[in-house]
Amino acid sequence: MRCILRCDREQTFRTVARQLHDLLEAESCGLFLVPEDAPKEVHLVATYSDSYAFEFKPANLKIQSIPGGGLTGHLADKGEIAELHGEKLRGNPYVAGRPMEHLASGKCFALLVVPVKGRHDDLLGLLRLDNKKNPQRQPDPDRYFGEEDKAIAAMFASKIALLLESLRAIDACRKLTSTILEARRLDDVLGEILQRGLALLRADRGDFAWWDEGQQKLILGARLGGGNLEIGQAIPTRSIMQKTWEAQAGQMENDVAQCGYYYPLDQRTESELTELIKYGDRPLGLLNAESFEKNHFENHDRGLLQLLAEYAAIAVKAVGKEVAFRDLVEGLAEQPAEPKEYWTKALEYMRETFGFDAGLVYIRDEVQPRLRCLAWIGCDGLNFDPARFFFRLDETALATKVFNNEKPYFSPRPWEDPEVSQRGVEAFQIKSPLLGLPLIYGEKVLGALVAWTRRGTAVPTRFHLEELKPLAVMAAVATAMEESERQQRRFLELAVHRVKSPLQSILGCVKKVMPGGRATEEQRAESFRHLQEETKDLDRLIVRAARYTRLWREPLTLAEVDLRTLVKAAVEGFESQARQEGVELEVTLPEIPCPVRADHAAIKEALTNLIDNALKFSPAQAAVQIELGTTPDLFKISVTDQGPGFSADQRHLLLEPFASSIPPGGESTGSGLGLPIARTIVERHGGKLDFSQGAGGRGSSFWFTLPISPIDSEA
């Protein structure tokens, strides 16, 4: 599965077909996708069969339900998981009767088709598997795909959908980048952003509105789709767009009839999503998307609209200045393999455009709390390797200041500035003014950009903080998109690897209980028991994997929650298990209520995962301590056990998917998703999950914090 980590779509699709073919013991597995320019068709993009391996003839099939018009097209039209065998397959009226050249016998005995659907239930493609094989690895007319096969194929389909949507967003960004480069008119760019944005969001119409300083009004600047306002007219004061501008924050309304301030630009609109367009700290206008369906938009859509708004802001400043911006954008549009290449190109652009011949890019370390130097220019002649240079996040330095504060900073005399690290000034021989900008994508700070002059005549000024922001935005977007794609591919690889073990065990048990084998009745009974346990484990794994992939998309149900009551309820659910295992649960709670605005079920799930993890690794006669504490700003819930702890080389893996279920020297003890699920839930609430090793390397403590925020009395 190494190719999944590379930017090679064709090879990634081939790998998916091969892995699913092997896991489900099918004679053939094919992946069909719906092209953006042909939404009523599915095209075969990858296949793997026993007879022809990866070779296949191109097949473009109509999505239609016409008798004799093709079974694959009919099942794509239905958009549901379908398993057919026997008479249901042989006598199916939609079979076209074309020869099955990809099958050795030329006949299909069993068929499994699983749709690949996007977040809005739109069909992105489908997986097709033909003919289940017997233990001798031969296609067997008497075997067919079961419920476990459906569940595994469905999990693959969900991962493929995530990957496809990520690739669609990357493609849109690249094309918008090219449009900004080539455009001579701002209207052309805005039209392209609306067209590609509405396609990504599966929305029906959209608008751009700009703030007119002279009129002190929002003015409609561009639109796509119907509407009762003309370009150049003012946006009504009672509207979601006007509220967005007044609040200086994006809005998401999934039932506009109930929001009380919706202005019907189109009477068919049911859901609306808006986002501010800002250049630096200066708001320029807003971008609006509307759907004719209720509950259409999700939190993920807000992130996409924010990205489109950033492109709109860049277009406003860049169109007409293509020569000055061309080198940077072209370099980022190439999508190199490593983020370091993005940043080296960005620093070179800075040198050629602004004349600053020295600069550094710091990126947040994935393992330790520090900023490490990733890319640099103008550092020749130094007596050390810049790649080894770093600042701790709690260390005084210009890079850590802009990273922690998420604001740019200018130092005219850095060698006298208490906010600047003198260690850095001496190491990099800085003798000019120094500036720094945070590298931000969405709400995540990725690192910091620092620039100065060593040998040139141009020096940074306070005004360059604003002029360099497009550089930081473009490169941060490219880095974040590459990282997002890498993480999704990594998750798919880990999921495949994690599923293999229980499947192999299940297959081993099946062989032992097959008629004609040499196993005794006692051995058969033991195999049946083991088969049942492994099947349950596999089911739990699939359910948890599906839960993990949905976490960032599901809206939180926020209400007032007393954390004392929540902790008590979570602990009560484990009292019986703890008694059976001889483990004591020790609970420490404050005497006063601990109210917080949160999703009760989600926070309870996070705490339950921590307690379950502690019990799993606790020996008999040990104690698990659950404590709820408070500070002026935070609530802290901790779970401490007396188990084996974890090794130093495991520390950076504990919160990663599928990597947290193996104690030192032990075997896998769970899905490996409990801690990642808990972390995601906590982070969505604005909190943080962390852990530490116990004294002497025994035991561990996991805790999470939640910000103390005022409770809405109307909640």
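Positions are given from 1, in the same order as the sequence printed here. What you see below is based on every heavy atom in this structure, not just the backbone, and it leaves out hydrogens, waters and symmetry mates. Not measured: the values here are computed from a predicted model.
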Exercise for review: Please list, chain by chain and in numerical order, all residues satisfying salt bridge (Lys or Arg N to Asp or Glu O under 4.0 Å) with R579, sequence neighbours excluded.
Suggested key: none

Point to revise | Partners passing ring pair (Phe, Tyr, Trp, His ring centres under 6.0 Å) against Y94 (at least two apart in sequence or in another chain) | key: H74

Check your understanding: Residues in side-chain contact (heavy atoms from CB on, under 4.5 Å) with N134, at least two apart?
Key -> Q136, Q138, D140, R143

Review point. Taking only residues two or more places apart in sequence or in another chain, which ones pass side-chain contact (heavy atoms from CB on, under 4.5 Å) with D77?
Key: I63, S65

Point to revise | For D50, side-chain hydrogen bond (donor to acceptor under 3.5 Å, both in side chains) partners two or more places apart | key: H21, K133

Ignoring hydrogens and angles, write down the donor-acceptor pairs under 3.5 Å from the side chains of residues 196-203, residues two or more places apart or on other chains.
from : atom 1 : to   : atom 2 : distance (Å)
R196 : NE     : E192 : OE2    : 2.7
R196 : NH2    : E192 : OE2    : 3.1
R202 : NE     : D122 : OD2    : 2.7
R202 : NH2    : D122 : OD2    : 2.8

Point to revise | N/O donor-acceptor pair under 3.5 Å between N131 side chain and E27 backbone | key: no

Review point. What pairs with K88 under side-chain contact (heavy atoms from CB on, under 4.5 Å), at least two apart in sequence or on another chain?
Key: L84

Check your understanding: If every non-hydrogen atom of A606 is compared with every non-hydrogen atom of V682, which pair is closest and at what distance?
Key -> CB-CG2, 4.4 Å

Review point. So, for P619 and G643, which heavy atoms are closest and what is the spacing to 0.1 Å?
Key: CD-CA, 4.1 Å

Review point. Is the backbone of T557 close enough, under 3.5 Å, to the side chain of D599 for a donor and an acceptor to pair up by distance?
Key: yes

Check your understanding: Which heavy atom in F145 sits nearest to a heavy atom in L129, and how many Å separate them?
Key -> CE1-O, 3.7 Å

Practice item. State, to 0.1 Å, how close A76 and L123 come at their nearest heavy-atom pair, and which atoms those are. Key: O-CD2, 3.5 Å

Check your understanding: Does any non-hydrogen side-chain atom of L33 lie less than 4.5 Å from one of H43?
Key -> no

Point to revise | Nearest heavy atoms of F13 and V45, plus distance in Å | key: CD1-CG2, 4.2 Å

Check your understanding: Excluding sequence neighbours, so at least two apart, what forms side-chain contact (heavy atoms from CB on, under 4.5 Å) with A570?
Key -> K604, L607, T608, I611

Check your understanding: Partners of E80 by salt bridge (Lys or Arg N to Asp or Glu O under 4.0 Å), sequence neighbours excluded?
Key -> none

Check your understanding: Which heavy atom in C29 sits nearest to a heavy atom in T47, and how many Å separate them?
Key -> O-OG1, 3.0 Å

Per-pair distances, 0.1 Å, donor-acceptor, side chain in residues 103-118, under 3.5 Å, sequence neighbours excluded:
from : atom 1 : to   : atom 2 : distance (Å)
S105 : OG     : K107 : N      : 3.2
S105 : OG     : K107 : O      : 3.4
K117 : NZ     : G79  : O      : 2.8

Review point. Residues two or more places apart in sequence or in another chain: which of them pass salt bridge (Lys or Arg N to Asp or Glu O under 4.0 Å) with E83?
Key: none

Exercise for review: Could you list the residues that satisfy salt bridge (Lys or Arg N to Asp or Glu O under 4.0 Å) with E101, not counting sequence neighbours?
Suggested key: K57

